[in-house]
Protein chains: 2
Amino acid sequence: MTEEQEVFLQHIQKKGLKRTAQRDLILDMFLRTEEHLSSEDLYRLVQKQDPTIGQTTVYRTLKLLTEAGLAREVRFGDGVTHYEHNYKHQHHDHMICSECGRIIEFFSAELEAIQDAMAAKHRFQVTQHLLRIIGICAECRRALREADKAQALVGTGAKQTSARAR
Amino acid sequence: MTEEQEVFLQHIQKKGLKRTAQRDLILDMFLRTEEHLSSEDLYRLVQKQDPTIGQTTVYRTLKLLTEAGLAREVRFGDGVTHYEHNYKHQHHDHMICSECGRIIEFFSAELEAIQDAMAAKHRFQVTQHLLRIIGICAECRRALREADKAQALVGTGAKQTSARAR
DNA sequence: CTCAATGCAAAGTATTTGCACGCTC
DNA sequence: GAGCGTGCAAATACTTTGCATTGAG
């Protein structure tokens with residue numbers, strides 16, 4: 001039994017809820033995945049193990065995991081709620097590449113400190129914070145540069161877009 | 001004709017689009033409002049001036065304003081897209097009170113600098129960034145403290161929620 | 001006179017809820 | 001056994017799309 005499972009059980013019991021095979025499986029699949037999962041993603045993973053499980057249960061269980069402090073909701077702005085590990089995981093922020101969708105996690109103690117200072121200045125009691133940097137990752141930048149180079153060699157006036165919208 | 005209207009017209013023309021009474025009105029109402037508007041909010045405002053205008057047009061025009069650089073999409077995580085002024089407005093971030101929904105805008109040059117430094121470290125080219133601090137604002141904190149105090153005086157075991165969910 | 005814009009209704013997404021049945025505690 | 005949990009379908013909330021009509025350039 002992992003520490004996370006302990007935490008989950010304790011939360012379950014404290015709230016007078018029940019342990020079920022579905023919840024166990026969903027937690028298990030969630031823990032195995034070190035990525036940002038949407039409910040849909042997790043649903044698909046869980047389905048492979050037990051096709052009878054319902055989408056609704058995954059939604060509900062993710063809420064439960066969030067309450068228990070095991071998961072954290074992250075919204076990247078595409079209308080889908082993603083979840084990531086939150087138990088004994090240091091808080092971190094995200095850079096999102098608008099070209100390839102890659103997500104880079106990073107952490108800066110300075111950043112955290114300044115955020116806290118700003119909050120204190122407004123006598124605002126922080127519950128959580130979320131920082132999202134959107135832009136173009138190193139690889140996509142290189143790819144784009146090469147595309148432009150190729151383009152320059154062709155030297156025609158043909159309109160080709162080297163940058164794409166998301 | 002304000003500068004913003006110029007910008008809008010230029011964008012319209014550059015893209016071979018057309019100027020319409022609806023677009024003018026929507027832009028006008030948007031400019032008059034120094035708040036974070038959802039499409040729904042703006043729709044209601046615009047309706048007062050011209051009840052024949054459709055929700056769809058407001059959605060479409062807000063996208064247009066965003067393209068033109070006049071508006072900026074902000075998602076606070078409640079599933080609704082909000083828009084705020086973006087033309088010659090300094091970038092700023094938000095603290096959101098989970099009790100009353102109040103939104104406090106703030107800016108920190110240090111914060112911006114560190115974000116840029118973090119991005120540079122990952123050779124990530126920043127397009128935009130978004131920082132959201134969620135917590136409890138000064139007023140709600142005070143209200144909650146007072147509620148707790150009153151509660152303590154009563155001294156009963158009666159369950160009263162001093163904190164509310166959103 | 002052409003093509004974009006509009007408004008409506010319908011379709012899409014993502015998520016939540018009502019409900020009858022099944023399973024923990 | 002009592003009540004929570006489950007899966008389904010339906011509902012909801014926000015946003016986008018198809019389409020016929022209207023209107024700008």
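Small disclaimer: the values here were computed from a predicted structure and weren't measured. Just the heavy atoms: all of them, side chains too, but no hydrogens, waters or symmetry mates, feed the values below. Naming: A, B, ... by sequence-line order, numbering from 1 per chain.
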Are A/T81 and C/dT15 close enough that a side-chain N or O sits under 4.0 Å from OP1 or OP2? yes

Does B/K15 reach a base, just sugar-phosphate, or nothing at all? Heavy atoms under 4.0 Å. nothing

Side chain proximity check, A/E112 to A/D93, heavy atoms < 4.5 angstrom: yes

Does the side chain of B/R23 get closer than 4.0 angstrom to OP1 or OP2 of C/dT6 through an N or O atom? yes

For the CD atom on B/E110, are there more than 12 heavy atoms of other groups (residues, nucleotides or ligands in this structure) within a distance under 6.0 Å? no

May I ask you to decide if the ring planes of B/F30 and B/H85 are parallel, tilted or perpendicular, using 30° and 60° as cut-offs? tilted

Reading nucleotides 17-25 of chain D from the 5' end, what letters show protein touch, with B for base, S for backbone sugar-phosphate only, - for no heavy atom under 4.0 Å? B-----BBS

Nearest-Å distance, CG (A/L64) to C1' (C/dT15)? 17 Å

Looking just at side-chain N and O atoms, do A/E105 and A/H89 make a donor-acceptor pair shorter than 3.5 Å? no

Interatomic distance, A/Y43 OH vs D/dC8 C1' [rounded to whole Å]: 10 Å

Considering every strand and a 4.0 Å limit on heavy-atom distances, what is the contact class for A/S38: base, sugar-phosphate, or nothing? nothing

Just how far, in rounded Å, is C1' of D/dC14 from CG of B/L62? 14 Å

Would you say D/dT16 has OP1 or OP2 under 4.0 Å from some side-chain N or O of B/Y59? no

Ion pair present between A/R44 and A/E40, side-chain N to carboxylate O less than 4.0 angstrom? yes

Can you find a heavy atom in the side chain of B/S39 that is under 4.5 Å from one in the side chain of B/Q55? yes

Rounded interatomic separation in angstrom, taking NZ from A/K63 and P from C/dA14: 15 Å

Under the ring pair (Phe, Tyr, Trp, His ring centres under 6.0 Å) rule, collect the residues that match up with B/H129, sequence neighbours excluded. B/H91

Side-chain ion pair, A/K63 and A/E73, N-O less than 4.0 Å: yes

Strictly below 4.0 Å, N to O, side chains only: are A/R141 and A/E99 in salt-bridge contact? no

Nearest nucleotide by nearest heavy atom, which residue falls closer to the 5' end of DNA chain D, A/Q55 or B/Y83? A/Q55

Pull out every stem in DNA chain D, meaning runs of 3 or more consecutive Watson-Crick or G-U wobble pairs with both distances under 3.5 Å. C:1-25 with D:1-25

Does any non-hydrogen side-chain atom of A/D28 lie less than 4.5 Å from one of A/Q49? no

Rounded to whole Å, how long is the line connecting atom CG of B/D41 with atom C1' of D/dC14? 13 Å

Just to confirm, is there a sub-4.0 Å distance from OP1 or OP2 of D/dG7 to any side-chain nitrogen or oxygen of A/Q22? yes

What's the CD1-C1' distance between B/I12 and C/dC3, to the nearest Å? 14 Å

Nearest whole angstrom, please: distance from the C1' of D/dA13 to the CZ of A/R75. 12 Å

Specify the separation, in whole Å, of atom CG of A/D24 and atom P of C/dC25. 10 Å

